[in-house]
There are 2 protein chains.
Amino acid sequence: MSDHVARVVRQWKSEYSEVDASPMYVLARMMRINMKINKDLSANFAKFGLATGDFDVLATLRRSGEPYALRPTELTKSSMLTSGTMTSRLDKLEKLGLVCRNPNPEDRRALMIHLTDKGRALVEEAAAKHFALEAEMLKVLDPQDREALEGILERWSHRLEEEGAM
Amino acid sequence: MSDHVARVVRQWKSEYSEVDASPMYVLARMMRINMKINKDLSANFAKFGLATGDFDVLATLRRSGEPYALRPTELTKSSMLTSGTMTSRLDKLEKLGLVCRNPNPEDRRALMIHLTDKGRALVEEAAAKHFALEAEMLKVLDPQDREALEGILERWSHRLEEEGAM
DNA sequence: GAGGAATTACTTGATATCAAGATACTTGAC
DNA sequence: GTCAAGTATCTTGATATCAAGTAATTCCTC
């Protein structure tokens, strides 16, 4: 039995024996699993009329607690995106009445993005489904694998953030 | 010490105690690490004038062995993308002289995408750097973590493919 | 064989993203 | 206080992607 990535590595080996393609066992599999996860998660968000990125903004506001307001820069940093991308997301969410832009009294360059009541209700409903779906997805892993994976990813993430890489 | 995802989970817990956000320890960390990896890998491809997806097509052709030719459908399946996306990638690669479209003698609906000599030379150069960079990236993991991760992702990937999910 | 179902590559229109730069504002060095 | 440097948001133009649909061809069932 072999998966897509195993076949790819085998092909490289037979074509190009001087190169070590083994990092792909980790990185290419991660990438493919991640693509699959993202597709499934975004199918759930679509039921609420949201793209993954829209949910991400609303969820970031919601979990920041009262008064459910952050600056665009904070949202941008949290999402690993560029400022232009965040601007267009906010345009869309504002048009849908899920957030509103207010002036920021502390810094006239900045804004405050407020979650509206409608936005809050929607994100809470979507988040409940989202967490349930994530839990479901992890059930294909054996409990000990899931636990080990949690530890490994935690260490990996820490080191990347320590290095300032993220 | 805590990373971005740990802070996010803590926020959810304090705002929304009835929900179990713990799957995010696995899924959100995977997503963020993956985003970081993709950014670094695509910076390497850019040195060769390629986007990640362009490299993916050229590499799939190269490792398929002589005569370095596949049908668009095979490339599409391998990449987890839609056929329209593959069409536009092939347009671009053809314009750059890295692949060429030839009629497929066995099926007049289909084509054969051939890697040109120029395409082959480029992908071999880019691939060498790519593999070196991937190996470098995995050095932040302890050897036992890397080994464990390889096993876990292999099992995960197998199960998803078994289910027909990928 | 004939005819309907499936497959193949492509087209179209919409959206998401980025890099680079513009504009307005704040901060800090002197 | 002044001004250069930095910061915050948005704009612009380019690209990548997708979903849905099209036309030509092949496959399958009878």
Discussion item. Tell me whether the side-chain N/O atoms of A:Thr82 come closer than 4.0 Å to OP1 or OP2 in C:dA19.
Written reply: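 No, outside the criterion.
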Item to complete: Enumerate the residue pairs fulfilling salt bridge (charged side-chain N to carboxylate O under 4.0 Å, His left out) with a member in residues 123-134 of chain B, sequence neighbours excluded, ordered by first and then second residue.
Response: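 Found B:Arg62-B:Glu124, B:Arg120-B:Glu124.
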Discussion item. Show every salt bridge (charged side-chain N to carboxylate O under 4.0 Å, His left out) that has at least one partner inside residues 64-89 of chain A, sequence neighbours left out.
Written reply: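 Qualifying pairs: none.
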Could you check how far [atom1] of [X] sits from [atom2] of [N], rounded to whole Å?
X: B:Ile113; N: C:dC10; atom1: CD1; atom2: C1'; value: 12 Å
X: A:Asn104; N: D:dT7; atom1: CG; atom2: P; value: 17 Å
X: B:Arg71; N: C:dT8; atom1: CZ; atom2: P; value: 5 Å
X: A:Met86; N: D:dT11; atom1: CE; atom2: P; value: 15 Å
X: A:Leu75; N: D:dC10; atom1: CG; atom2: C1'; value: 15 Å
X: A:Glu74; N: D:dA8; atom1: CD; atom2: C1'; value: 12 Å
X: B:Asn38; N: D:dA16; atom1: CG; atom2: C1'; value: 14 Å
X: B:Leu111; N: D:dA24; atom1: CG; atom2: P; value: 15 Å

Worksheet item: What residues in residues 87-103 of chain A put a non-hydrogen atom under 4.0 Å from any atom of DNA chain D?
Response: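 Nucleic-acid contacts, sorted: A:Thr87, A:Arg101.
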Worksheet item: Heavy-atom contacts under 4.0 Å between residues 44-57 of chain A and DNA chain D, which residues?
Response: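 Nucleic-acid contacts, sorted: none.
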Worksheet item: Cluster partners of A:Leu111, using ILVMFWY side-chain heavy atoms under 4.5 angstrom, listed by chain and number?
Response: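 Members alongside A:Leu111: none; it stands by itself.
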Discussion item. My understanding is that only one of A:Leu58, A:Leu70, A:Val123 makes a side chain to side chain contact (heavy atoms under 4.5 Å, CB included) with A:Val99; could you say which?
Written reply: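 For A:Val99, the side chain to side chain contact (heavy atoms under 4.5 Å, CB included) check succeeds only for A:Leu58.
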Worksheet item: Given the rule in the side chain to side chain donor-acceptor pair (under 3.5 Å) test, do B:Ser79 and B:Asp56 qualify, once you have shown the distances and angles that lead to the verdict?
Response: CA-CA 8 Å; B:Ser79 65; B:Asp56 195 42; 4.9 Å; no
Using a 3.5 Å cut-off and no angle test, enumerate the donor-acceptor pairs between side-chain atoms of residues 45-55 of chain B and protein atoms at least two apart in sequence or in another chain.
unit_1  : atom_1 : unit_2  : atom_2 : d
B:Asp54 : OD2    : B:Ala51 : N      : 2.9
B:Asp54 : OD2    : B:Lys92 : NZ     : 2.5

Test side-chain hydrogen bond (donor to acceptor under 3.5 Å, both in side chains) applied to [X] - qualifying residues, sequence neighbours left out:
X: B:Arg108; value: none
X: B:Thr116; value: none
X: B:Asn34; value: none

Practice prompt. Group every Ile, Leu, Val, Met, Phe, Trp and Tyr by side-chain heavy-atom contacts under 4.5 Å, then state whether A:Met30 and A:Tyr25 land in the same group.
Written response: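 No, it is not one cluster - the side chains of A:Met30 and A:Tyr25 are not joined through contacts under 4.5 Å.
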Worksheet item: Looking at residues 61-69 of chain B, who's got a heavy atom less than 4.0 Å off DNA chain C?
Response: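 Under 4.0 Å from DNA chain C: no residue of residues 61-69 of chain B.
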Discussion item. Per the ring-ring contact (aromatic ring centres under 6.0 Å, His included) rule, what does the pair list look like for residues 58-94 of chain B, sequence neighbours excluded?
Written reply: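 Counting only pairs at least two positions apart or across chains, no ring-ring contact (aromatic ring centres under 6.0 Å, His included) contact touches residues 58-94 of chain B.
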Discussion item. One character per nucleotide, please: for nucleotides 20-29 of chain C, 5' to 3', B when the base has a protein heavy atom closer than 4.0 Å, S when only the sugar-phosphate does, - otherwise.
Written reply: ----BBS---
Discussion item. Please determine whether a side-chain nitrogen of the Lys or Arg among A:Lys36 and A:Asp40 lies less than 4.0 Å from a carboxylate oxygen of the Asp or Glu.
Written reply: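 Looking at A:Lys36 and A:Asp40, the cut-off is met.
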Fill in: Check ion pair A:Arg159-A:Glu162 (N to O, under 4.0 angstrom)
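No.
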Discussion item. As a quick check of understanding, evaluate side chain to side chain donor-acceptor pair (under 3.5 Å) for A:Arg7 and B:Ser78, giving each step before the final call.
Written reply: CA-CA 11 Å; A:Arg7 289 188 293 276; B:Ser78 165; over 6 Å; no
